[in-house]
Structures are given as structure tokens and as C-alpha cells.
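Shown next, in C-alpha cells, is the structure this report addresses.
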Amino acid sequence: MWTMWTVQRRRERATLVVALLVCCAGAILEVEGVEKVYTKSFFSPVFETSPGNVFDPHQNVQFPEGHLAIRSFTCEMVDADTGEPIPLSELYVHHWFLYKIGVKKGFKALLSSAPLPAPHLPRRYATHYLRNPLHRMAFRPEAQPVQGRLKVPQVCATEESMNREDPFAAGAESRHTEISFPAPYGYVTGDMSEYEEGYEEAWYLNLHTIDLRGVVDPRGCFECRCDLYNVTVDVDGHPLPDDYKGGLRCCYHLTNCALKPGVQAKPRRTQLKYTMSWVDYDESVRPIRSYFLDATDTRASVYDRADCKGEYDIPKCTDGTTHECIHTQQCVEGLPNGGDLIFAFLHQHSGGLGGRFFNEAGETLCESLPIYGHGNDASFVEGMSPCNPKPGSVSIRTMEALRMESNYSSNVSRTGVMAIMKVYVADPVVEELEPLTVRDIEQVVNSVE
Ligand SMILES: *[C@@H]1O[C@H](CO)[C@@H](O)[C@H](O)[C@H]1NC(C)=O
Ligand SMILES: *[C@@H]1O[C@H](CO)[C@@H](O)[C@H](O)[C@H]1NC(C)=O
Ligand SMILES: *[C@@H]1O[C@H](CO)[C@@H](O)[C@H](O)[C@H]1NC(C)=O
């Protein structure tokens, strides 16, 4: 059904929007000049959460179909019955990420699962470690998920892990952080030439939430302090090292954070609402590549083996009376395939004070600062300021040594904090050189004389 809508002027596109239409399975179509931009909200499967509950599944989710270029992405947790956003003080979004894989036709729904023990996880990690979510899905052998050409070199990739691109990923800050790329840039999806015969593209969501209603210690719960979860082994059954006080290894799927006495189960139906805009793919689209920089990487040079842990701890400062208590975590990393910087933002947890990254010459390429909430959510990062330089104005060379720093307040000790800089780049536009005019040639000749 096509319905004419009133012309809603969007600030940044004031003069171009000519019509808004409802079309194509509920997507809203905006015609901007010759371009058609579709916008639609999708919902993850509903799940029921009670005070203290942790959910961390990987699930097959809806995604716009066809060969497309995604222009923007926002999301937040909503109450499935009222549609209202849920305050972070009630349901904390630790992180989420969306990734695509090729699966044998007819099998994509079967691959949704809770995380499973991953017997083949590298054991060399003593404490924090980055996990490869693909290890955790209940792959049915007959589904034969194939990554093939979808294996994109990643900053933190090692032989065992993290070869997959997570183009859309963040945490609680999604509420006020729109991931967006200006025309003609876009994240390309549905390119069937990436898949072998008999396979289809499927998108999976890993969403990690912690129900903070009625818990003894909200910060301890969202910083995943092991004592509050009463766990002694991680999701893989590995005993937790004595010095591991908190982090993702203690707040895995179906664990529970300690509640105040007398708090009753109070199931609430929730889901992630994610809104995307996109255009149909054509030759004019400039494809986006996505990477992340992880402040925990301890490699000394970009050509050393990556050593990313995903999360880290912050000790309480000892000289807080005379100094500002700021903890700075730094790393040096390089992009496997550089390009023009199109968009970037930092993922930090509560207590984050922002971060930035520098090029090899020491110039700041992007600074991303937290936006804290209000009222009960005042201690939560609800947004991060993004960097969206004019395309072509900031370029990053392949394996250029980028230094990233992340600051947190160390007023208190913290466990399992993160500093992940999402970085989106695209191939530079090659300027067609104007042929020299006769006058220019004369000038050059004259200046030589
Ligand atoms: C903590 O775990 C132990 C062993 O798994 C169990 O016996 C104990 O009741 C648990 N304590 C709480 C408070 O849940
Ligand atoms: C991080 O903290 C250091 C030390 O206080 C400071 O010099 C730097 O400007 C801070 N960076 C950001 C992005 O806030
Ligand atoms: C540390 O906490 C005090 C109050 O508790 C606050 O005024 C100060 O800004 C905090 N420092 C940092 C770096 O967040």
C-alpha cells in the first residue's frame, strides 16, 4: 500500500525531501532528488527477563532484504508490550553486535542459539580474552555455515579468532548514537556474489543484557563482578583465575546477579528495536569497511601478533585528593585496509571519560566523548559523540600505526570495562585530473624559464 505522507522536513536535507511514502513491507521511502532512501524499524525476538537475569544469545534476526547499502543504524531496548524504551538503570545493555554469515539455504533459523561451551577456545588467555562468537553458536553440521569470502582481515584477528566483520556494534550508548554514512557511502549487504551456490546471507545478533532491577549493587552487576554472580567457572567450564575479579567471563548467558532480600521475579518482555535506512545498491554506492580498535591490545608494533582482550580492569587511584583520578589505556594498531575515514565512535562503559586516536604523525583523527543520562540513568553512558569528517579530509594508510587512548575515571576500582573504537573507512575517491589547458602549460613553461 502506498500512502502519501506530509512532507517532513529533515534539518540536514531540508530542500531535497519531496515525499515520504510507506512502501515495501512497512519501510518508509524518502525520495531525495533522484535517490530513494528507505527507513524501517525491526525487532529482535522477544525475551523475558527478571531482576538479576543475564541474557547473551546469538540469534538470527530480521534484516532488510536485497542488494543494499545501509546508510544509518540506531537501536535501543524496548518493552515488547508497550513499545517504550527501557531505562538503563533497569535493563543494562552491556553490548550488542550484528554480523552476517552465509548458511546453507533453509538453515538460518536453526543456527540461533544460546552460547555453547567452546572446547576449542584458546587456553593461553589467563584472564580477559576476546571471544570468537562463531565458536559459540550451535552450528548444526548439516547447515555448514560458510564464511569464505566473508572473512575480512580484522585489526584484532589472530589465527584462532575474530576474522569476522561486525559492521554494527555498540552498547548502552546506542540510545543516542546514530551510526550513519553520508551519500554515496554505505555498508553493502545482500551481495550474493559473496556466497557459494546453495547458500544465503543471514544476519545474527549477539545481545548482552543485565536486568538491574532489585540488585544489591548495580555497578557491581554491570561491571560483572564475579562475587555478585556467584560463579567459579566461565561459560566454557574453565575455572576462573584467582585474579579475575570481574568481566564477561562472570556474567554469561543465564547467570544471575545477586538481588536484595525479598526481591520477587518480575518477568518483563523485552526486545531490541533497531532502525535502519538504506538505498538500493548501484554503481554509485561507495562501500564502507568497518574495523575496531581495542585499547587493550598490548602489541608493541602494528606488525606484531594482535593481543586484544576486549575488556580491562581499572584500579582505584591512590592520590585522588590532589590529582584528578584518570586512568588512561593506550594501544597501537593498524587497519588491514586503510582508506578515507567516514565515521567513528568509541564504545565505553559507565565511568568513561572519552578517548581518541592519532595517526602516525601524532595528529588527532577522532575524539569521541561520552554523553551521560539523566535522573536514574545519570551514571550511564547513553551516547558517544561521533566523528564524521568530510569524506576525503582524513585518510588512514594501510597498517599506519594508529595510537588510541581511552580515559576512565578511576575514582573507584572497575572491572571489565571496554574501550572499542569503531572505525568506518572507504576507498578514497580518485580525482579525475583536469587536462592541462594551453594557458596552464604556458604558465608552467614560463615559470621554468
Ligand atoms: C553460590 O553457588 C553455590 C555453588 O554453586 C551454591 O551452593 C550457593 O547456594 C550459591 N549462593 C547463592 C547466594 O546463590
Ligand atoms: C585523557 O587523559 C589524559 C591525562 O589526563 C589527557 O591528557 C587527555 O587529554 C585525555 N584524553 C581525552 C580524550 O580525554
Ligand atoms: C571523582 O568523584 C568526585 C565526586 O565523587 C567528582 O567530583 C570528580 O569529578 C570525580 N573525578 C572524575 C575524574 O570523574
Side-chain angles (χ1 to χ4, degrees), residues 1-43 61-75 97-100 102 149-150 152 165-170 174 177-195 200-203 205 273-291 339-345 386-393 422-430:
M1 189 183 70
W2 292 73
T3 316
M4 207 60 189
W5 282 38
T6 45
V7 176
Q8 278 277 283
R9 296 186 149 218
R10 299 254 303 248
R11 240 179 317 133
E12 70 275 27
R13 304 171 178 164
T15 55
L16 290 175
V17 177
V18 297
L20 287 177
L21 304 155
V22 178
C23 79
C24 336
I28 298 213
L29 169 63
E30 280 184 50
V31 183
E32 301 182 20
V34 292
E35 203 176 46
K36 292 178 182 166
V37 183
Y38 302 85
T39 304
K40 188 178 175 183
S41 293
F42 299 86
F43 295 88
V61 291
Q62 295 179 313
F63 212 78
E65 283 181 13
H67 195 185
L68 316 165
I70 308 289
R71 282 279 174 75
S72 72
F73 190 102
T74 50
C75 66
F97 53 81
L98 269 164
Y99 55 97
K100 60 178 180 181
R149 278 154 281 184
L150 295 180
V152 185
E165 190 179 15
D166 295 322
F168 304 102
S174 310
T177 311
E178 181 183 31
I179 299 172
S180 72
F181 317 120
Y185 296 91
Y187 183 81
V188 177
T189 168
D191 175 2
M192 292 318 291
S193 71
E194 287 179 353
Y195 301 95
E200 61 183 336
E201 185 175 272
W203 281 84
L205 169 71
K273 175 182 181 182
Y274 51 109
T275 303
M276 279 183 268
S277 71
W278 68 87
V279 294
D280 290 327
Y281 178 82
D282 67 31
E283 306 254 289
S284 70
V285 167
R286 306 199 62 83
I288 291 279
R289 289 187 291 277
S290 96
Y291 297 105
D340 286 343
L341 181 63
I342 305 299
F343 196 83
F345 70 97
C387 298
N388 43 8
K390 186 172 176 294
S393 66
K422 281 298 299 179
V423 178
Y424 299 90
V425 297
D427 285 341
V429 178
V430 182

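Residue numbers run from 1 in the order of the sequence given.
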Determine yes or no for a side-chain-to-main-chain donor-acceptor pair under 3.5 angstrom, with Glu30 supplying the side chain and Val37 the backbone.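 Absent.
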
Taking only residues two or more places apart in sequence, or in another chain, which ones meet [X] in a side-chain contact (heavy atoms from CB on, under 4.5 Å)?
X	answer
Ser284	Asp282
Pro391	Pro182, Tyr185, Ile342
Ser290	Glu165, Pro167, Lys422, Tyr424
Gln62	Phe42, Tyr274

Excluding sequence neighbours, so at least two apart, what forms side chain to side chain donor-acceptor pair (under 3.5 Å) with Asp427?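 Arg289.
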
List the atom of Tyr291, the atom of Val425, and the distance in Å for their closest heavy-atom pair.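 Reported closest heavy-atom pair: CE1-CG2, 3.9 Å.
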
For the student: nearest non-hydrogen atoms of Phe343 and Pro386, plus distance: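 Closest heavy-atom pair between Phe343 and Pro386: CZ-CB, 3.4 Å.
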
Answer yes if the ring centres of Phe168 and Tyr187 are under 6.0 angstrom apart, and no otherwise.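 Here the rings of Tyr187 and Phe168 have centres that are less than 6.0 Å from each other.
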
Would you indicate whether Glu65, at its atom CD, is surrounded by more than 12 heavy atoms from other residues, nucleotides or ligands within a distance under 6.0 Å?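 It does not: Glu65 CD has 12 such atoms or fewer within range.
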
Only counting residues at least two apart or in another chain, list the ones meeting salt bridge (Lys or Arg N to Asp or Glu O under 4.0 Å) with Glu35.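 For Glu35, the residues satisfying salt bridge (Lys or Arg N to Asp or Glu O under 4.0 Å) (neighbours in sequence not counted) are Arg71.
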
Quick one, [X] and [Y] - any side-chain contact, counting heavy atoms below 4.5 Å?
X	Y	result
Ile70	Phe63	yes
Trp278	Thr189	no
Met276	Pro64	yes
Tyr281	Leu68	no

Regarding Thr39 and Ser277, do their side chains bring together a donor and an acceptor under 3.5 Å, going by distance alone?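 No, no side-chain donor-acceptor pair sits under 3.5 Å.
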
